[in-house]
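What follows is a single structure, written as structure tokens, with notes after it.
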Amino acid sequence: MNDALQSLLDLLALERIEQDIFRGLSRASVVPRVFGGQVAAQALVAAGRTVPADRPPHSLHAYFLRPGDPGAPIVYTVDRIRDGRSFTTRRVVAVQHGKPIFHLTASFHAQEEAALEHQEPMPAAPDPLELPTAAEMLPRHAAEGFLTPDVAERLLEARAAIDLRYVDEPPYSTVGQPREPRSQVWFRTHGKLDDDGEIPRPLLDVCLVTYVSDMTLLDSILLAHGRGGWAVGDVVGASLDHAMWFHRPLRADEWLLYDQESPTARAGRGLGQGRIFTADGQLVVSVIQEGVVRVPWV
């Protein structure tokens, strides 16, 4: 486990300040606000710590309300909406400077055997070990169109806990060349996770995947229009809402394929949807997100 991954785990290990109130720290992001995946993951940790360990999350629905301040802690208040025989529901509000910045509702489900089961097949994708790492890819673009020379370094630092590898060229490397609005990345944590850490598994795995799910989901919108994104400066954007469904068990320290596409963009908003598969083809997560995507001078 590298230092960056340990730092991320420390970020997710919230301080309990009351029975259902938790406090989390923040850290600088590649943009001047708290990374949305961090807030979503911390909120899910807060919810999960009020639920029995044998009930992992099966879905979450969230809204990003205000930009988070990376220089201030975030307080997470959990409401115990329902404790049923099979399902548990929690609502979480994240607050900074006296104002809500994020709202999440999560549902947890006791595992059960069921007669009905099916899934879409996994799409074709190359072996992740055959693809370039971020450390190999980003320096090639450091002097080619990034807003400032330090953008590549900031991106590498922000993603140092995660081994994330693009199947095809990322948006910032094909500016001006519209492509099919589809993107694939493989990802896993940079190092194996402990089974006896402060956050129990499988909650930890689900929260880490939630963290990663916000990194690249809007890429497919950019690809459709030949835009490079914030790193290039030809688009400004932010996540508006985020929904995830967790279908099957997963391990965040093993390779996962994130298959993403955008069915539409209009009126300054774009929709991204994704499916996450294990390396052996199990569909484990479905994701949908809408975000603000604007051309700065329009």
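Between the side chains of Asp10 and Gln6, a donor-acceptor pair is found at a separation under 3.5 Å. For Arg90 and Thr50, the side-chain atoms include at least one donor-acceptor pair closer than 3.5 Å.
Looking only at side-chain heavy atoms (C-beta outward), Gln289 and Leu218 come within less than 4.5 Å of each other. Between Pro178 and His225, the closest side-chain pair of non-hydrogen atoms is not below 4.5 Å. With a 4.5 Å cut-off on side-chain heavy atoms, Ile74 and Ser26 count as touching. Between Arg182 and Gln260, every side-chain heavy-atom pair lies at or beyond the 4.5 Å cut-off. Between Leu203 and Pro57 there is a side-chain heavy-atom pair separated by less than 4.5 Å. For the pair Val185 and Met215, the minimum side-chain heavy-atom distance is 4.5 Å or more. Between Gln273 and Ser262, every side-chain heavy-atom pair lies at or beyond the 4.5 Å cut-off. Side chains of Ser183 and Tyr166 form a contact here, defined as non-hydrogen atoms less than 4.5 Å apart.
Linking ILVMFWY residues whenever their side-chain heavy atoms come closer than 4.5 Å, directly or via other members, leaves Leu164 and Leu222 in distinct clusters. Hydrophobic cluster membership differs between Val235 and Tyr172, with clusters built from Ile, Leu, Val, Met, Phe, Trp and Tyr side chains linked at under 4.5 angstrom. Residues Phe64 and Ile221 do not share a hydrophobic cluster, clusters being chains of Ile/Leu/Val/Met/Phe/Trp/Tyr side chains in contact below 4.5 Å. Tyr258 and Leu223 sit in two unconnected hydrophobic clusters of ILVMFWY residues. Membership requires side-chain heavy atoms under 4.5 Å apart, directly or through other members. Clustering ILVMFWY residues whenever any of their side-chain heavy atoms sit less than 4.5 angstrom apart, transitively, puts Val78 in the very cluster that holds Leu44.
The two residues Gly68 and Ile101 have their closest heavy-atom pair at CA-CD1, 4.0 Å. Among all heavy-atom pairs drawn from Leu25 and Pro73, the shortest one is CD2-CB, 4.5 Å. Among all heavy-atom pairs drawn from Gly229 and Asp234, the shortest one is N-OD1, 2.9 Å. Contact between Arg55 and Thr88 at its shortest, heavy atoms only, is NH1-OG1, 2.9 Å. The two residues Asp259 and Gln184 come nearest to each other via the heavy atoms OD1-NE2, 2.9 Å. When all heavy atoms of Arg33 and Gly237 are compared, the pair lying nearest together is NH2-O, 2.8 Å.
Membership of the apolar cluster around Leu131 extends to Met122, Leu129, Val167, Trp186, Trp255, Leu257, Phe277, Leu283, as traced through chained side-chain contacts below 4.5 Å between ILVMFWY residues. Hydrophobic cluster membership of Leu271, counting Ile, Leu, Val, Met, Phe, Trp and Tyr whose side-chain heavy atoms lie under 4.5 Å apart directly or via other members: Trp245, Ile288. Ile17 belongs to a hydrophobic cluster whose remaining members, ordered by chain and number, are Ile21, Val75; membership requires side-chain heavy atoms of ILVMFWY residues under 4.5 Å apart, directly or through intermediates. The hydrophobic cluster around Val93 extends to Val95, counting ILVMFWY residues whose side-chain heavy atoms fall within less than 4.5 Å of a member.
Atom OG1 of Thr174 is separated from atom CG of Asp168 by 9.5 Å, given to the nearest 0.5 angstrom. For the atom pair CZ of Phe187 and CG of Leu256, the computed distance is 4.5 Å after rounding to the nearest 0.5 Å. How far CG of Asp214 is from OG of Ser239: 3.5 Å, rounded to the nearest 0.5 Å. Here CG of Asn2 is found 10.0 Å from CG of Leu8. Values are rounded to the nearest 0.5 Å. Atom-to-atom distance recorded for Ser286:OG and Met244:CE is 9.0 Å, nearest 0.5 angstrom. For the atom pair OG (Ser86) and CD (Gln111), the distance works out to 11.0 Å, reported to the nearest 0.5 Å.
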Practice prompt. Test Thr189 against Asp163 for side chain to side chain contact (heavy atoms under 4.5 Å, CB included), laying out the working first.
Written response: CA-CA 6 Å; Thr189 57; Asp163 187 351; over 6 Å; no
Discussion item. Go through it in stages, so that I can follow the logic: the residues are Arg91 and His103, the test is side chain to side chain contact (heavy atoms under 4.5 Å, CB included), and I'd like the CA-CA distance, side-chain angles, deciding distance and then a yes or no.
Written reply: CA-CA 8 Å; Arg91 181 173 58 213; His103 178 283; 3.2 Å; yes
Practice prompt. Apply side chain to side chain contact (heavy atoms under 4.5 Å, CB included) to the pair Ile276 and Val212, showing each step before the final yes or no.
Written response: CA-CA 11 Å; Ile276 299 177; Val212 177; over 6 Å; no
Discussion item. Using the rule given for side chain to side chain contact (heavy atoms under 4.5 Å, CB included), can you reason through Lys192 versus Leu5, listing the C-alpha separation, both sets of side-chain angles and the distance that settles it, and then say yes or no?
Written reply: CA-CA 10 Å; Lys192 287 296 183 180; Leu5 178 55; over 6 Å; no
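The closest donor-acceptor contact from the side chain of Arg227 to the backbone of Gly176 lies at 3.5 Å or more, if one exists at all. Checking side-chain atoms of Asp241 against main-chain N and O of Tyr63 turns up no donor-acceptor pair under 3.5 Å. Of the possible donor and acceptor atoms, none in the side chain of Arg251 sits under 3.5 Å from a partner among the backbone N and O of Thr278. A donor-acceptor pair under 3.5 Å links the side-chain atoms of Thr210 to the main chain of Val206, judged by distance alone. Using modelled atom types, one side-chain atom of Thr133 and one backbone atom of Glu136 make a donor-acceptor pair closer than 3.5 Å.
By the salt bridge (charged side-chain N to carboxylate O under 4.0 Å, His left out) test, Arg201 is found to be paired with Asp195, Asp205, Asp253, residues two or more places apart in sequence or in another chain being considered. For Glu15, the salt bridge (charged side-chain N to carboxylate O under 4.0 Å, His left out) test picks out Arg23, with sequence neighbours left out. Under the rule for a side-chain hydrogen bond (donor to acceptor under 3.5 Å, both in side chains), Glu198 has no partner lying at least two apart in sequence or in another chain. Listed by chain and residue number, Glu290 satisfy the salt bridge (charged side-chain N to carboxylate O under 4.0 Å, His left out) test with Arg269 (two or more places apart in sequence, or in another chain). Legend: residues meeting salt bridge (charged side-chain N to carboxylate O under 4.0 Å, His left out) with Asp194, ordered by chain and number and at least two apart, are absent.
His109 and Phe87 have parallel rings, their planes meeting at less than 30° on a 0 to 90° scale where 60° marks the start of perpendicular.
A side chain to side chain contact (heavy atoms under 4.5 Å, CB included) with Thr105 is found for one member of Ile81, Thr89, Leu60, Val92 and no other, namely Thr89.
Among residue pairs with one or both ends in residues 68-77, those qualifying as side-chain hydrogen bond (donor to acceptor under 3.5 Å, both in side chains) are Gln42-Tyr76, Asp69-His97; sequence neighbours excluded. Annotation: salt bridge (charged side-chain N to carboxylate O under 4.0 Å, His left out) contacts involving residues 93-103, sequence neighbours excluded, are absent. Residue pairs that meet the salt bridge (charged side-chain N to carboxylate O under 4.0 Å, His left out) test with at least one member in residues 112-128, sequence neighbours left out, are Glu117-Arg248, Glu120-Arg275.
Annotation: Asp83, atom CG; neighbour count of heavy atoms from other residues, nucleotides and ligands within 6.0 Å is above 12. The neighbour count for Arg66 CZ, taken as heavy atoms of other residues, nucleotides or ligands under 6.0 Å away, is above 12.
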